[in-house]
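To start, the structure itself, in structure tokens.
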Amino acid sequence: MDERYDPKKIEPYWQSEWERADLYRTREAPGRPKFYVLEMFPYPSGNGLSVGHLHNYVPCDVIGRYKRMTGFNVLHAMGWDAFGLPAENEALLRGAHPTETVPRYAANFKRQLTISGCAYDWSREINSSSPEYYRWTQWFFLMLLRRGLAYRATGSQWWCDKCRTILANEQVVNGCCWRHTDNPVTKKDLEQWYIKITGYADRLLEDLDGIDWPEPIKLMQRNWIGRSEGAELAFPITGHPKKEVRFFTTRPDTVFGVSFMVLAPEHPLVAQITSGAQRAAVERYASEARRQSEIERMSTVKEKTGVFTGAYAHNVFTKKDIPIWIADYVLMGYGTGAIMAAPGEDQRDFEFAIKYGLEIPRVTAPADGSRPPADRAFPEHGIAINSGFLDGKKTADALRAVCDFAERNGIGKPTVSYRMRDWLISRQRYWGCPIPIVYCKNECGIVPVPEDQLPVRLPPMKDYQPSGTGRSPLANVPEFVNTTCPKCGGPAERETDTLDGFACSSWYFLRFASPHEARAPFDRAAVDYWLPVDLYVGGAEHAVMHLLYARMWTKVMFDAELISFQEPFPVLRNQGVVWAADGQRMSKSKGNVVTPDAMIEKYGADALRLWELFMGPFDEDTKWNESGVAATERFIVRVWSWVRRYVEAGYPQGAPSEQTIHRAHKTLRAVTVQIEQMRFNTALAAMMEHLNYVARLEPTALDRFVVESFVLMLAPMAPYVSEELWRALGHSDSVHLATWPVFDPALAHEDTVTVVVQVNGKVRERLQVAAGTSEDEVKALALSSDAVKKHLGDKTPRKFIFIKDKMLSVVV
RNA sequence: GCGAGAGUGGCGGAACGGCAGACGCGCUGGACUUAGGAUCCAGUGCCGCAAGGCGUGGGGGUUCAAGUCCCCCCUCUCGCACCA
């Protein structure tokens, strides 16, 4: 064993030894419990990994290695979410083609993860942009289509007329195009594919209760789904005998207070009912509303605006005709795109009514009998007033009464509305999974590509420019577009849009179970064995979309009887964000990125890993500080010297003191418990504390258990140095195939404890007593203590509170 | 605006309602050294010579006992955006 710890020497050596032994290959092991640990599917960016990314990968690796040592058959694999906008943008800006860059970048990620000591079964590596993979993404899309969960509808997208292409939200900067920052973007209507995720809204909501996820994430999903109960009602439009305004409300009890209605500017009724006199103003307002950038629409300080359509609806409750307005605060995408305005009970309607001088009836009074406030709306529940047959009813009762009335009279019914909308899955992009659909020019219409003809391959394109029509660049490839109809054999065109990248990441966790299965997306037996994922780890930024889509696809597969579980990730944890030393997000443009490569070069991978674990709680944000890596390297050096002295002494089976044995077991207990809880920082602190003690001991005051248990505890966290130390201790098998040491609870138990004596809540004495000492004994000891006597003075204790092995509180 | 999370030494952070500051960084002193940005030893919340007192963003409260529980307020971070 070398005198000096030299990571540059041992890390590459063990790396190649492990590869030679194929150490991390997951082998089927019947009879052993399985554990599937998974990190969120990364996009292999050209910038490579930073030390921030490792804050996810290293902890997962520790869990995987730890579980393996405790007898689990562990699945830990890695793959690439390789389709997507960044690769395409890079191609457009720099001419670097994704078919070349993606494998190169992925290889770089793999290299970085490997030198960082992360144990993946690389034989299971997958890549969502490979035909072997996206063939099955297409297969899933067709399954959704078959089950009535995919449909076409018009949706509007951002459009830059200089790029002559569709823009993603993130490509719209200050209302202008990202490449033409002085060119305002507009909206363009396109026929696109949607996934009917709203049909799963209730299940997605209910099943949150049964999964072990961080509460904030669950809450975000609940808010995103945004279930609200209410009623859908309709009022006839005056002067248009067959037309009515259908609207959703959560407060049907306020119908007697409805003094006007508001439609979304995009509402189809607008064109039909607007009066001649108002037409010009309405059209002007509608087109302005449409042009508004997201930023403008998001502004909360913006004053409410709107325009009268000149048309009236008939409030069937008050029997009054009420004006119909349009306003951009009513959104076409929610409910029916129309509202009944109850300005007395809704603050937005109130503001609108004030501004345009509309009537503000008050139909809800506070339950305490006071009057509603005059200067604002009263949106809380209360008692119905000025409301005909509802008068005197509590809000909840009035609500039901209106629903009953509406149902009896055929003007509406109770309804549930969701904030969540269907998933727009079409992308007008080249670098994505082609949508396996053909449009027949004869009679057949929309025809799915038969499964045996999958995959629809992405054609190689050397130089792709936008089509200029809003279709993806694929529209420029005649060999791709022109095809024959699978049904009638006649001329047909292929769908040129590609699938949203979230489609690829909605099922990848299944693929790792049988990554090379060629006849199906996955092998049922392998999925039954490995899934669901036992521990899923990723950033909170994926709280909603990815996790919701993946959950929905899982439920669809369950319904299709392809799998036997309904939740893909029963346990989810979020790692914290590692901020750069300057407090900003690490990014190449800010020049504050710290790479694992640089840290490994300077301190070694083990030191980097330990610092990733030690720098703070795994799930909390923290700031990068390089001096910590130097500190964990020092820790490793101290372990090295300690073990080396023991090895050089001929690893004696010495005579450790009772205290040494106790400390070894206590540390082992702490580390075991804390790794299970993913509290790596305190686990490592316990090991440091233990080392501070044992490092002073002579080798003859140690034994194999004391030394080896330490090396074994270190193994998941610092795999290289622990392998080297393990071999130096005379083992011929890898430490990573060894078994996690077991602590003896009796030995880990404290024999002597410090019992604190408080007088009136202040600590006045500390007594060293045997664990389990009785209250009477402690009391006697305490009362005979000078310090306690001094603070008691001549007062008599009134009360004693005794917590065994902890404290005695004396109240006088 | 709504929702969520967080405020503890010079710094990162520990702490089943029960000894606040584990562990580490930094700093101070010392040892060993030609040398030290190496290693080892000691010290290190604040005030105080000491006894002791004060301390977990601020203010109240519950309790024998509060960083931890309750109420009000302040600051920061993240997420969402007029959801009828």
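All of these numbers come straight from a predicted model, not from anything done at the bench. These numbers come from the heavy atoms of this one structure, side chains and all, not from hydrogens, waters or symmetry mates. Proteins come first, then strands; the chains are lettered A, B, ... in the order of their sequence lines, and each starts at number 1.
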Protein proximity profile, nucleotides 44-50 of chain B - base contact B, sugar-phosphate-only contact S, no contact -, cut-off 4.0 Å on heavy atoms:
-------
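Residue A/K799 has a polar side-chain atom (N or O) positioned under 4.0 Å from OP1 or OP2 of B/C64. For B/A14, one of the phosphate oxygens OP1 or OP2 lies less than 4.0 angstrom from a side-chain nitrogen or oxygen of A/N681. Of the side-chain N and O atoms in A/R679, none sit less than 4.0 angstrom from OP1 or OP2 of B/G13. Proximity of A/R764 to the phosphate of B/G53: a side-chain N or O atom is located under 4.0 Å from OP1 or OP2. Residue A/R222 places none of its side-chain N or O atoms closer than 4.0 Å to OP1 or OP2 of B/C2. Taking 4.0 angstrom as the limit, A/K218 places none of its side-chain polar atoms (N or O) nearer than this to OP1 or OP2 of B/G3.
Backbone-only contact: A/K762 has heavy atoms under 4.0 Å from sugar-phosphate atoms and none from a base. No contact: A/D349 has no heavy atom under 4.0 Å from any strand. Among the atoms of the strands shown, none is found under 4.0 Å from any heavy atom of A/D346. The residue A/R227 sits apart from the nucleic acid: no heavy atom pair falls under 4.0 Å. Counting any heavy atom pair closer than 4.0 Å across all strands shown, A/R4 reaches no nucleic acid atom. No engagement by A/K804 is indicated, since no non-hydrogen atom pair under 4.0 Å with the nucleic acid exists. Looking at heavy-atom distances under 4.0 Å, A/R638 makes contact with sugar-phosphate atoms alone, never a base.
Here A/D6 does not pair with A/R4 in a salt bridge; the nearest charged N to carboxylate O distance is not below 4.0 Å. Taking the charged nitrogens against the carboxylate oxygens, A/R609 and A/E612 have no contact shorter than 4.0 Å, which rules out a salt bridge. We find that A/D209 and A/R222 are joined by a salt bridge, their nearest charged nitrogen and carboxylate oxygen being less than 4.0 Å apart.
Considering only the side chain of A/Y334, B/C83 comes nearest among B/C83, B/G5, B/C40. With distances taken from any side-chain atom of A/T682 to the nucleotides B/A14, B/C23, B/U39, the minimum falls on B/A14. Closest to the side chain of A/N223, from the set B/C82, B/A51, B/G3, is B/G3.
The salt bridge (charged side-chain N to carboxylate O under 4.0 Å, His left out) check on A/E633 picks up nothing, with sequence neighbours excluded. With sequence neighbours excluded, the residues that form a salt bridge (charged side-chain N to carboxylate O under 4.0 Å, His left out) with A/E229 are A/R227. Qualifying salt bridge (charged side-chain N to carboxylate O under 4.0 Å, His left out) partners for A/D253, counting only residues two or more places apart in sequence or in other chains: A/R251. Not counting sequence neighbours, the partners of A/K8 by the salt bridge (charged side-chain N to carboxylate O under 4.0 Å, His left out) test are A/E601. The side-chain hydrogen bond (donor to acceptor under 3.5 Å, both in side chains) search around A/Y194 returns none, not counting sequence neighbours. Partners of A/K789 under the side-chain hydrogen bond (donor to acceptor under 3.5 Å, both in side chains) rule, at least two apart in sequence or in another chain, do not exist in this structure. Take A/M332 and apply the side-chain contact (heavy atoms from CB on, under 4.5 Å) test, not counting sequence neighbours, and it matches A/A264, A/E266, A/H267, A/P268.
Nucleotides B/G55 and B/G21 are separated by 11 Å at their C1' atoms, to the nearest Å. Rounded to a whole angstrom, the distance from the C1' atom of B/G17 to that of B/C69 is 8 Å. Comparing B/G13 with B/C25, their C1' atoms sit 10 Å apart, to the nearest whole Å. Taking the P atom of each, B/G1 and B/G9 are spaced 29 Å apart, rounded to whole Å. Rounded to whole Å, the P atom of B/C64 lies 27 Å from the corresponding atom of B/A15. One P atom belongs to B/C23, the other to B/A42, and the distance between them is 12 Å to the nearest Å. Between B/G45 and B/G30, the two C1' atoms lie 24 Å apart (nearest whole Å). Here the separation of B/C70 from B/A66, taken at their C1' atoms, is 11 Å to the nearest Å.
Rounded to an integer number of Å, the gap from A/L219 CG to B/G5 C1' is 11 Å. Remark: C1' of B/C16 and CG of A/D805 are 14 Å apart, rounded to the nearest angstrom. Atom-to-atom, CZ of A/F635 to C1' of B/C40 comes out at 17 Å; the value is rounded to the nearest Å. For the pair A/K304 NZ and B/C83 P, the computed distance is 8 Å after rounding to whole Å. One can place CG of A/D786 at 12 Å from P of B/G52, the figure rounded to the nearest angstrom. As a whole-Å value, the separation of A/I636 CD1 from B/G24 C1' is 14 Å. One can place CZ of A/F802 at 15 Å from C1' of B/C64, the figure rounded to the nearest angstrom. If you measure from atom CG of A/N692 to atom P of B/U39, you get 13 Å, rounded to the nearest angstrom.
Note: A/F710 and A/W642 meet the aromatic proximity criterion, with ring centroids under 6.0 Å apart.
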N/O to N/O distances under 3.5 Å, protein versus nucleotides 18-21 of chain B:
residue : atom : partner : partner atom : Å
B/G18   : N2   : A/Q758  : OE1          : 3.4
B/C19   : O2   : A/R766  : NH1          : 2.4

Using a cutoff of under 3.5 Å, can you pull out all pairs of nitrogen or oxygen atoms linking the protein to nucleotides 74-80 of chain B, with atom names and distances?
residue : atom : partner : partner atom : Å
B/C80   : O2'  : A/R419  : NH2          : 3.0

For RNA chain B, please output the secondary structure as dot-bracket, reading 5' to 3'. Pairs are Watson-Crick or G-U wobble, both atom distances under 3.5 Å; mark crossing pairs with [ ], other-strand partners with |, unpaired with a dot.
(((((((..(((.....[....)))((((((.......))))))(((....)))..(((((..]....))))))))))))....
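For the pair A/Q674 and A/R251, both in contact range of RNA chain B, the more 5′-proximal nearest nucleotide belongs to A/Q674. Checking A/P617 against A/N625, the closest nucleotide of RNA chain B that is more toward the 5' end is the one next to A/P617.
Between A/F352 and A/Y356, the ring-plane angle classifies as tilted under the 30° and 60° cut-offs. Classification of the A/H546-A/F502 ring pair by plane angle, with boundaries at 30° and 60°, yields parallel.
Geometrically, A/R348 does not engage A/Y329 in a cation-pi contact, judged by NZ or CZ lying under 6.0 Å from the ring centre and within 45° of the ring axis.
A/M713 CE to A/L684 CG: the interatomic distance, rounded to the nearest 0.5 Å, is 11.0 Å.
A syn base is found at B/G9: its glycosidic angle is within 90° of 0.
Counting only residues at least two apart or on different chains, the side chain to side chain donor-acceptor pair (under 3.5 Å) pairs with a member in residues 678-688 of chain A are A/Q674-A/T682, A/Q677-A/R679.
Checking side-chain atoms of A/T773 against main-chain N and O of A/V778 turns up no donor-acceptor pair under 3.5 Å.
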